[in-house]
Number of protein chains: 2
Amino acid sequence: MPVSKQVTFTEQPNVNAATCPSRSVLEHITSRWGVLVLAALLEDGRRFSELRRIIGGVSEKMLAQTLQTLERDGFVHREAHPVIPPRVDYSLTEVGEQAARLVSGLARWSEAHVTGVLAAREAYDNRT
Amino acid sequence: MPVSKQVTFTEQPNVNAATCPSRSVLEHITSRWGVLVLAALLEDGRRFSELRRIIGGVSEKMLAQTLQTLERDGFVHREAHPVIPPRVDYSLTEVGEQAARLVSGLARWSEAHVTGVLAAREAYDNRT
DNA sequence: CCGTATCCCTGACGATACTG
DNA sequence: CAGTATCGTCAGGGATACGG
């Protein structure tokens with residue numbers, strides 16, 4: 001790749017970071033709650049309330065929104081059972097599982113290096 | 001991992017998503033400009049103005065802020081040359097290169113699947 | 001050239017209340 | 001139980017101006 005080219009991940013000229021469509025995919029799967037939802041579903045299919053409990057600190061609104069976004073992108077399958085009380089199961093699709101494995105790998109890498117990063121931060125802060 | 005456990009990536013009980021320290025690492029390397037900076041540096045060391053040009057649409061403020069964050073975390077090495085006019089070179093550290101390869105992989109995966117995702121979105125929107 | 005400082009605004013997010 | 005609706009807050013990020 002020539003030096004003069006922009007970094008766009010699309011190989012198309014004149015497509016900058018802001019308008020690059022793959023950015024939206026990346027943002028959805030690496031979002032604050034997207035990562036945790038994918039990780040939770042990677043282990044097993046879940047109900048809404050299960051997800052809410054397993055992922056600590058997520059509001060109903062954000063969980064619903066995250067699940068809708070991931071469903072719309074084709075990463076999550078939603079199955080509503082017409083029973084009383086309502087029951088909805090969420091699971092990963094084929095591509096969703098690929099995505100989940102990738103972000104999960106990134107998360108595990110972060111976890112493995114968090115000590116070193118914390119040390120680096122302290123060293124950085126302690127230098128005048 | 002037992003079903004009853006929270007998803008925290010730390011294996012520590014009572015540490016929820018919001019306070020999990022590895023989240024901050026993940027957020028820094030997957031941030032809007034973090035991804036693009038790492039990708040740009042993965043190819044080659046860069047000067048500030050080079051990065052600004054290569055990454056379209058980034059403000060000086062955000063580029064400086066992103067580079068500082070990544071430097072503080074120990075992912076980016078900053079070398080200021082005491083010359084007139086000022087010249088500063090940025091490059092990846094060892095861990096920074098690992099991080100860059102991972103996020104770059106995720107970015108390439110996103111790029112490869114963007115067509116399918118776009119189709120999924122349209123299908124989702126067209127169902128009543 | 002390489003940033004820092006300031007202002008300001010959008011939109012992400014949480015809290016709360018309500019519905020099928 | 002599984003959401004939707006509404007409101008308020010506040011931090012991310014752009015624009016601009018200025019400093020070393």
Side-chain angles (χ1 to χ4, degrees), chain A residues 16-20 23-24 26-37 40-41 45-73 76-91 124-125 127-128, chain B residues 16-20 23-37 40-41 45-73 76-91 124 127-128:
Chain A
N16 71 19
T19 58
C20 178
R23 276 298 305 175
S24 69
L26 198 59
E27 270 164 9
H28 289 173
I29 62 181
T30 63
S31 70
R32 181 166 169 69
W33 303 115
V35 177
L36 296 170
V37 167
L41 291 178
R46 304 289 189 184
R47 299 181 55 188
F48 186 86
S49 51
E50 279 183 304
L51 287 170
R52 186 141 156 63
R53 181 175 44 78
I54 293 167
I55 304 171
V58 63
S59 64
E60 286 188 356
K61 176 188 169 184
M62 289 316 296
L63 181 55
Q65 194 176 106
T66 303
L67 284 167
Q68 276 178 20
T69 302
L70 293 176
E71 188 197 356
R72 192 171 98 104
D73 284 3
V76 162
H77 175 68
R78 177 183 187 273
E79 189 160 10
H81 305 282
V83 296
I84 304 294
R87 176 196 176 93
V88 184
D89 288 323
Y90 292 95
S91 57
Y124 182 93
D125 294 341
R127 73 142 198 97
T128 321
Chain B
N16 71 18
T19 57
C20 178
R23 277 297 306 175
S24 69
V25 179
L26 198 58
E27 270 164 10
H28 290 171
I29 63 180
T30 63
S31 71
R32 182 165 169 69
W33 303 115
V35 177
L36 296 170
V37 167
L41 291 177
R46 305 289 190 186
R47 300 182 54 190
F48 186 86
S49 52
E50 278 183 304
L51 287 171
R52 186 142 156 64
R53 181 175 43 79
I54 292 167
I55 304 170
V58 63
S59 64
E60 287 190 355
K61 175 189 169 182
M62 289 316 297
L63 182 54
Q65 194 175 106
T66 302
L67 285 167
Q68 275 179 22
T69 302
L70 293 176
E71 188 197 357
R72 193 171 98 103
D73 284 3
V76 162
H77 175 66
R78 177 181 187 273
E79 189 161 9
H81 304 282
V83 296
I84 304 294
R87 175 197 177 92
V88 184
D89 287 323
Y90 292 94
S91 57
Y124 182 93
R127 72 143 198 96
T128 319

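Chain identifiers are assigned alphabetically (A, B, ...) following the order of the sequence lines, protein sequences preceding nucleic acid strands; residue numbering begins at 1 within each chain. What's counted below: heavy atoms across the whole structure, side chains too, no hydrogens, waters or symmetry copies.
Here the side chain of B:Gln65 pairs no donor or acceptor atom with the backbone of B:Met62 at under 3.5 angstrom.
When side chains are defined from C-beta on, B:Arg72 does not count as touching B:Gln68, because their heavy atoms never get closer than 4.5 Å. Using a 4.5 Å heavy-atom cutoff, the side chains of B:His77 and B:Glu71 are not in contact. The side-chain heavy atoms of B:Leu63 and B:Trp33, taken from C-beta on, include no pair separated by under 4.5 Å. Counting heavy atoms from C-beta on, the side chains of B:Leu51 and B:Leu67 come closer than 4.5 Å. With contacts defined as side-chain heavy-atom distances shorter than 4.5 Å, the pair B:Leu36/B:Val58 does not qualify. When side chains are defined from C-beta on, B:Arg78 counts as touching B:Val88, because their heavy atoms get closer than 4.5 Å. Looking at heavy atoms from C-beta onward, B:Arg46 lies out of side-chain contact with B:Asp89 at the 4.5 angstrom threshold.
We find that CD of A:Gln68 is positioned 16 Å from C1' of C:dA12, with the value rounded to whole Å. Whole-Å rounding puts the B:Glu27 CD to C:dA12 P distance at 15 Å. As a whole-Å value, the separation of A:Arg53 CZ from D:dA2 C1' is 15 Å. Distance, A:Lys61 NZ to C:dA12 C1': 7 Å, rounded to whole Å. D:dT4 atom P lies 10 Å from atom CG of A:Leu67, rounded to whole Å. Atom pair B:Leu63:CG and C:dT4:P shows a separation of 11 Å (rounding to whole Å applied). One can place CZ of B:Arg47 at 13 Å from C1' of C:dG3, the figure rounded to the nearest angstrom. One interatomic measurement links the two molecules: CZ of B:Arg32 to P of C:dA12, which rounds to 11 Å at whole-angstrom precision.
A:Arg78 comes within 4.0 angstrom of sugar-phosphate atoms only, judged by non-hydrogen atoms across all strands, and of no base.
In the set C:dG14, C:dC2, D:dA15, C:dC2 carries the atom at the smallest distance from any side-chain atom of B:Phe48. With distances taken from any side-chain atom of A:Ala64 to the nucleotides D:dC1, C:dG3, D:dG3, the minimum falls on D:dG3. Out of D:dG14, C:dC13, C:dC1, the shortest distance to the side chain of A:Met62 is found at C:dC13.
Applying a 4.0 Å cut-off to non-hydrogen atoms, the residues of residues 84-91 of chain B that approach DNA chain D are B:Pro86, listed by residue number.
Both cation-pi conditions hold for B:Arg127 and B:Tyr124: the charged atom is under 6.0 angstrom from the six-membered ring centre and inside a 45 degree cone around its axis.
Helix-axis bend for the helix from C:dC1-D:dG20 to C:dG20-D:dC1: the local axis fitted to the five terminal pairs at one end deviates from that at the other end by 50°, rounded to 10°.
Phosphate contact (OP1/OP2 of D:dA2, side-chain N/O of A:Ser49, threshold under 4.0 Å): present.
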